[in-house]
There are 2 protein chains.
Amino acid sequence: VNNRNFRIVVDAMGGDKAPQITVEGVCLFLQRTPMHCILVGNEPVIRKELEKYPHDKDLIDIVHTEQEITMEDSPWNAIREKPDASLLIAVRMLAAGEADGMVSAGSTGAVILSAAKYLPMIPGVKRAALGTIYPTMNEQQHPHYYSLMLDIGANVNNQADDLVHYAYMGKSYMQYVFGVKDPRIGLLNIGAEAHKGNAAMREAYKLLSSRPDLSFIGNVEGNDLVRGRADVIVSEGMSGNIAIKTMEGAGEAVKALAKMAMEKKLLWKLGLLFLSGGIKRVQNVASYEEYGGAPLFGFNKPLIKCHGRSSGYAFMHGLRVTSEVLEHDMTGRMRTAIAGFEREKTIPDRN
Amino acid sequence: VNNRNFRIVVDAMGGDKAPQITVEGVCLFLQRTPMHCILVGNEPVIRKELEKYPHDKDLIDIVHTEQEITMEDSPWNAIREKPDASLLIAVRMLAAGEADGMVSAGSTGAVILSAAKYLPMIPGVKRAALGTIYPTMNEQQHPHYYSLMLDIGANVNNQADDLVHYAYMGKSYMQYVFGVKDPRIGLLNIGAEAHKGNAAMREAYKLLSSRPDLSFIGNVEGNDLVRGRADVIVSEGMSGNIAIKTMEGAGEAVKALAKMAMEKKLLWKLGLLFLSGGIKRVQNVASYEEYGGAPLFGFNKPLIKCHGRSSGYAFMHGLRVTSEVLEHDMTGRMRTAIAGFEREKTIPDRN
């Protein structure tokens with residue numbers, strides 16, 4: 001394969017434990033996938049980390065900078081005041097075509113703002129979306145048990161067209177990165193009926209129903225999310241954010257309960273031991289951040305955002321996702337699908 | 001006490017298993033609380049159910065009707081086409097002062113619509129809210145482990161003032177029904193900072209912060225809900241609906257896992273047995289519908305909505321809540337608090 005032709009630029013200083021986890025992630029990734037990686041960050045520190053792991057030197061370049069954006073920085077100020085931060089250099093390299101894809105575990109706000117500043121959008125798309133993969137309880141019915149939800153908080157006021165764009169982008173992602181043949185699309189809403197929700201949701205319901213190239217299953221509600229009724233959940237940013245964080249909180253409650261049980265009762269401790277496989281499954285539903293990040297959807301270049309708390313292993317998954325996005329030309333496929341919708345969207349009766 | 005002076009009107013035909021559960025609930029309630037109950041519904045059927053339980057005949061009246069609204073009816077049509085449905089007769093009795101409080105486990109849509117049609121609002125309140133009590137993992141820090149979230153779906157477009165009204169109403173409810181001394185108020189949003197969310201949320205943040213008689217703890221996010229960071233979660237209806245249903249779904253996943261474990265592995269089965277106390281706690285977090293219903297907030301008369309799937313025991317709790325709302329004159333306290341806010345709300349700097 002011609003993997004070596006693709007170049008991934010890595011914001012090596014982004015993330016709670018960067019550059020340790022970014023360097024570890026890159027080395028783990030390169031062991032399986034020979035793709036060119038450009039690490040942007042403090043070169044001496046990166047070189048020192050690189051010494052810890054075997055790696056193919058020919059596949060790694062380093063672009064040195066001493067500025068970095070921390071989790072304490074206000075994203076708005078950081079973008080203005082730290083023009084040479086590793087994140088900004090990486091985004092500009094991506095925009096200039098010096099790299100084909102990008103991964104960052106930096107502050108979500110700063111990643112979104114810098115992408116908005118430097119990257120072109122996919123033609124027709126007006127509002128980028130943040131997506132997340134989360135595991136569901138669904139593996140009995142389907143070969144996979146992950147669903148994708150987008151937007152989970154890049155926007156607070158989505159229009160109907162945005163939600164249709166998210167459906168197409170999410171469909172491509174689940175098809176080409178997760179191998180789901182015909183992804184089922186659901187619209188996160190407050191009831192099953194077509195008239196539920198606000199004006200944007202009602203309009204989106206009509207538009208999604210009218211698209212022959214989308215397997216739209218209708219509205220999904222909060223309690224459908226963990227069940228895995230849909231492969232792609234299209235959501236207004238505020239609703240998606242609240243839903244995903246509520247799932248995270250519920251998962252944390254299960255973990256806290258398990259911890260409490262371990263500390264308190266011998267019988268419970270035994271129970272946990274016997275149940276460890278089961279408990280682990282529930283915990284997995286909680287720790288959605290481990291699932292390799294997700295692209296910022298809507299930009300004309302692939303930019304994958306990993307969770308700030310990513311481990312080296314999780315960051316490796318972010319790189320793996322980027323490589324699959326590149327190999328399947330997912331951005332190109334999204335462009336084509338959205339161009340088709342934009343061309344045809346005035347045809348169906350929208351009343 | 002002068003409990004006997006209060007009269008509660010019961011929509012005896014509302015609920016998946018009505019009138020069985022409503023009659024059982026009334027009889028259970030009267031065993032502990034001698035308060036006058038008026039059951040509206042099919043008299044012969046109700047009388048037959050009443051034979052099953054010991055009860056004080058002097059405390060029960062029946063208003064006969066043969067119309068009832070089922071879960072299959074469209075709420076809008078039902079209100080128009082079934083003017084003598086048990087729900088509508090009960091609401092009109094409440095509006096006319098023939099009863100002091102009301103309980104229904106009927107269709108949420110029909111209950112809200114009929115209340116909107118017949119009941120006056122608390123002066124100043126423009127949009128009624130549906131609330132729900134849910135259990136949290138918080139009992140270590142606090143004497144109770146329930147929180148109240150409102151609105152959970154009566155509205156799709158709340159204004160800032162609505163959210164402040166909900167804070168006052170929720171505060172009264174947690175104080176007088178749950179005995180929380182100084183309820184902590186949180187605003188459901190997509191981040192901790194004051195500028196997060198849409199325009200209504202940002203404005204509500206300012207208003208809530210400016211009120212000396214509210215213990216406003218700021219924005220809460222989805223993952224704070226199960227933790228129990230706030231006693232009252234004020235939410236825009238769409239966000240609240242999605243959050244509460246997502247919690248329900250996560251809880252169902254835990255139940256499904258437990259069931260799967262029971263069926264599959266002996267070790268898991270043993271584990272579950274040992275863990276039963278712990279698993280039960282997690283399940284409780286899920287089955288929020290068991291917690292006795294919650295008022296429709298904003299009407300000038302107390303109307304408590306129980307879950308459609310209520311058991312007789314859950315319906316009894318709904319009646320108990322109604323009696324406490326009446327005994328503490330909660331509607332009167334809400335009127336006073338909201339009048340205070342409405343009088344003063346133009347004073348603080350709202351820019």
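The sequence lines fix the lettering, A, B, ..., with proteins before strands; numbering per chain opens at 1. A quick note: this is a predicted structure, and the numbers were derived from the prediction, not measured.
- Heavy-atom pairs under 4.5 Å with chain A peak, among B:D224, B:N157, B:L188, at B:L188.
- Here B:I190 is the residue among B:I190, B:N189, B:N241 with the most heavy-atom pairs under 4.5 Å with chain A.
- Of all heavy-atom pairs spanning A:A243 and B:T246, the tightest one is O-CG2, 3.5 Å.
- Of the residues considered (A:G237, A:G153, A:G191, A:G197), A:G197 shows the highest number of contacts with chain B, using heavy-atom pairs under 4.5 Å.
- In this structure, CE in A:M238 is found 5.5 Å from CD in B:E236, a value given to the nearest 0.5 Å.
- Between A:G249 and B:V226, the shortest heavy-atom distance links the atoms O-CB, 4.1 Å.
- Between A:N223 atom CG and B:I244 atom CD1 the span is 11.0 Å, to the nearest 0.5 Å.
- The neighbour count for A:K17 NZ, taken as heavy atoms of other residues, nucleotides or ligands under 6.0 Å away, does not exceed 12.
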